[in-house]
Amino acid sequence: MWDYTDKVKEHFLNPRNVGTIHNADGVGEVGSLACGDALTLYFKLDDAGRIADAKFQTFGCASAIASSSALTELIIGKTLEEAEKLTNEDIAAYLGDLPKEKMHCSVMGQEALEKAIAQYRGESDRQVEGQIVCECFGITDREIEKTVREHRLTSIEDVTGYLKAGGGCGNCHDKIQQIMDNVFGQPVSIQPRAKKMTNIQKIKLIEETLEREIRPTLRQDGGDIELVDVEGSQVVVNLRGTCASCSKSQVTLKSYVEAKLRELVTDDLVVEENRL
Amino acid sequence: MKTVYLDNNATTRVAPEVVEEMLPYFSELYGNPSSMHSFGGNLGLKVREARARIANLLGAQPDEILLTSGGTESDATAIHAALAANPHKRHIVTTRVEHPAIKNLFEQYGKNGYRVSFIPVDREGRLDMQTFGDSLTDDTAVVSMMWANNETGVLFPVEDVAAELHDRGILLHTDAVQAVGKVPIDLARTPMDMLSLSGHKLHGPKGIGALVIRKGTKFKPLMVGGHQEQGRRAGTENVPGIIGLGKACELAAGNLADIGTRVQGLRDRLEEALLAAVPQCMINGDRPNRLPNTTSIAFEYVEGEAILLMMNEFGIAASSGSACTSGSLEPSHVLRAMGIPFTAAHGSIRFSLSHYTTAEEIDFVIDKMPPIIERLRQMSPFWKQAVQSG
């Protein structure tokens, strides 16, 4: 069972402002039946340009209904300029927090508000920007990048909790990881590759790793290494310089070179010295 | 508040008779059945009695019963043994609607080089027998087909396929965790190789289960170590659990008739009343061909978790095929495999009754459900459109 706060439960069981507004000034619709949750937000302005009334209709779980209820309570009485500063975290905070997996319910509230305000101002519906990454829930790379940046998300589960992206078939997990890596500036090519590589990709990555990681260390001791061949998971190398005559060279080969390649390329590599 | 417990496919109340029978084996009779002294060794008699009771419920022989920690271990043991007995065969077959204990296991074997066929089902949850037949080859080592589906209660024709598979030299395993104690099972008349069951689904304790391995089936243990269970499963016996499971099986044999008549009658009454009182709802699954205690009802245009939490306010316990309850974001793989539309899958509720369910409880649920659905539909942006478009 979800660990909902009393405030979430209370807003779920007694939601405020359920319904529709006839002749509303702004209407924002987000979500769909297929996604499992959807929210339609209505607001009406008074003469001073403040939100005099707000209503919602929500299809979804307890936290979706509670988030919608909280959203309406938070925006009533505000000007649009004030309301548009509202974030999903304000909604979550109003409810005394939401489970991590349910953050997308508060994000849905924020999005409905943005849409309703855009509709009032006559701004055409924002086109879907960027490339769809999560095909199950139709989430684009731009949306993921924005959310990762704003909330400093560092795991795929967190991204799924906020946006649903990656919560379906899971095919986009690599792409989400890549977006997070880009945002936080980690060099992508140095990450261990979970995916199957082609032989050429593997050889390239082994070369790169030797060049960037392994050679500099060996050279400090006057040694060097050169790649002779890669056959399946077998990596054949020549040891040069002081390494070639060093009595510890086999230890270096196994406990350092092989370990490093396994860490950064694939975990099944076996490194052997060229005997020819 | 009194709990109306209609989630018996998730777990069941341990029968008071079972608790009573188990209690001495937690306290004064704490011996180890493997011991040479009579203090421990005498427990062997009690374990034997339990094994006989389990076998009796299933029409099996006592020495065909391997005691395990539950359904998941039984499933994993069965498939492991089947593949070890057929090291040259690389193809395994199951269905798209299995419990995760089989589904995820088969997916893992798929990643480890086995070819896996997942047989589809139709809109009513019935197995596609044509595809099933076509999938079998000389390379097929084992078929695992659940006896009854945990979400919809739909029964698969495991007894019917047993003979053909037997003739073709393909092993048949069935996950009968939901079927045992709810429908009669007589292994004496069907050439099935392995069957899994779990104690806590039939008013026994949690953490105990069994795998029936028919005589003559090649076996290789999953867990090695001590010589317990004739070397087929290492680890000191869960003596209180085994005794509890034995008692639960004895009681289940006596309660089968009640499940098949009175409990089924209550289930049918619940379905009829809700179908009549709530517009746009339907039963998921092949109605004439189901477990007598289970119903999966789809309430369109509302979401399952919200329904469950409102039911919870009245002390009614059930479960849902909705995405939000699991955290997976996608509705149940069973309902999706059946092609149930999203409008209905998200709002599907499973009620599962037991021997302890009363008519008053069912009437209480019949009274409380329609206003819950109505209330959530009034909140739903899709409901009005749905009503208007007819």
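Reminder, nothing fancy here: chain letters follow the sequence lines and each chain counts from 1. All values below come from the heavy atoms of this structure, side chains included, with hydrogens, waters and symmetry mates left out.
For A:Tyr94, the ring pair (Phe, Tyr, Trp, His ring centres under 6.0 Å) criterion is met by A:His11, not counting sequence neighbours.
Across A:Arg121, A:Lys78, A:Gln110, a single residue satisfies side-chain hydrogen bond (donor to acceptor under 3.5 Å, both in side chains) together with A:Glu84, and that is A:Arg121.
A salt bridge is absent between A:Lys115 and A:Glu111: the closest approach of a Lys/Arg side-chain nitrogen to an acidic carboxylate oxygen does not fall below 4.0 angstrom. Contact check on A:Lys7 versus A:Asp97 returns no salt bridge, with no Lys/Arg side-chain nitrogen under 4.0 Å from an Asp/Glu carboxylate oxygen. The pair B:Lys111-B:Glu107 does not count as a salt bridge, with every side-chain nitrogen at least 4.0 angstrom from each carboxylate oxygen. Ion pair A:Lys175/A:Asp141 not flagged as a salt bridge, since none of the NZ, NE, NH1 or NH2 atoms sits closer than 4.0 Å to an Asp/Glu carboxylate oxygen.
Residue B:Glu313 touches chain A through its side chain alone, counting heavy-atom pairs closer than 4.5 Å. Looking at B:Arg375, only its side chain comes within 4.5 Å of chain A, counting heavy atoms on both sides.
Of residues 13-21 of chain A, those residues with a non-hydrogen atom less than 4.5 Å from any non-hydrogen atom of chain B are, in numerical order, A:Leu13, A:Asn14, A:Pro15, A:Val18.
For the pair B:Met379/A:Gln57, no side-chain contact is recorded, criterion being any heavy-atom separation below 4.5 Å from C-beta on.
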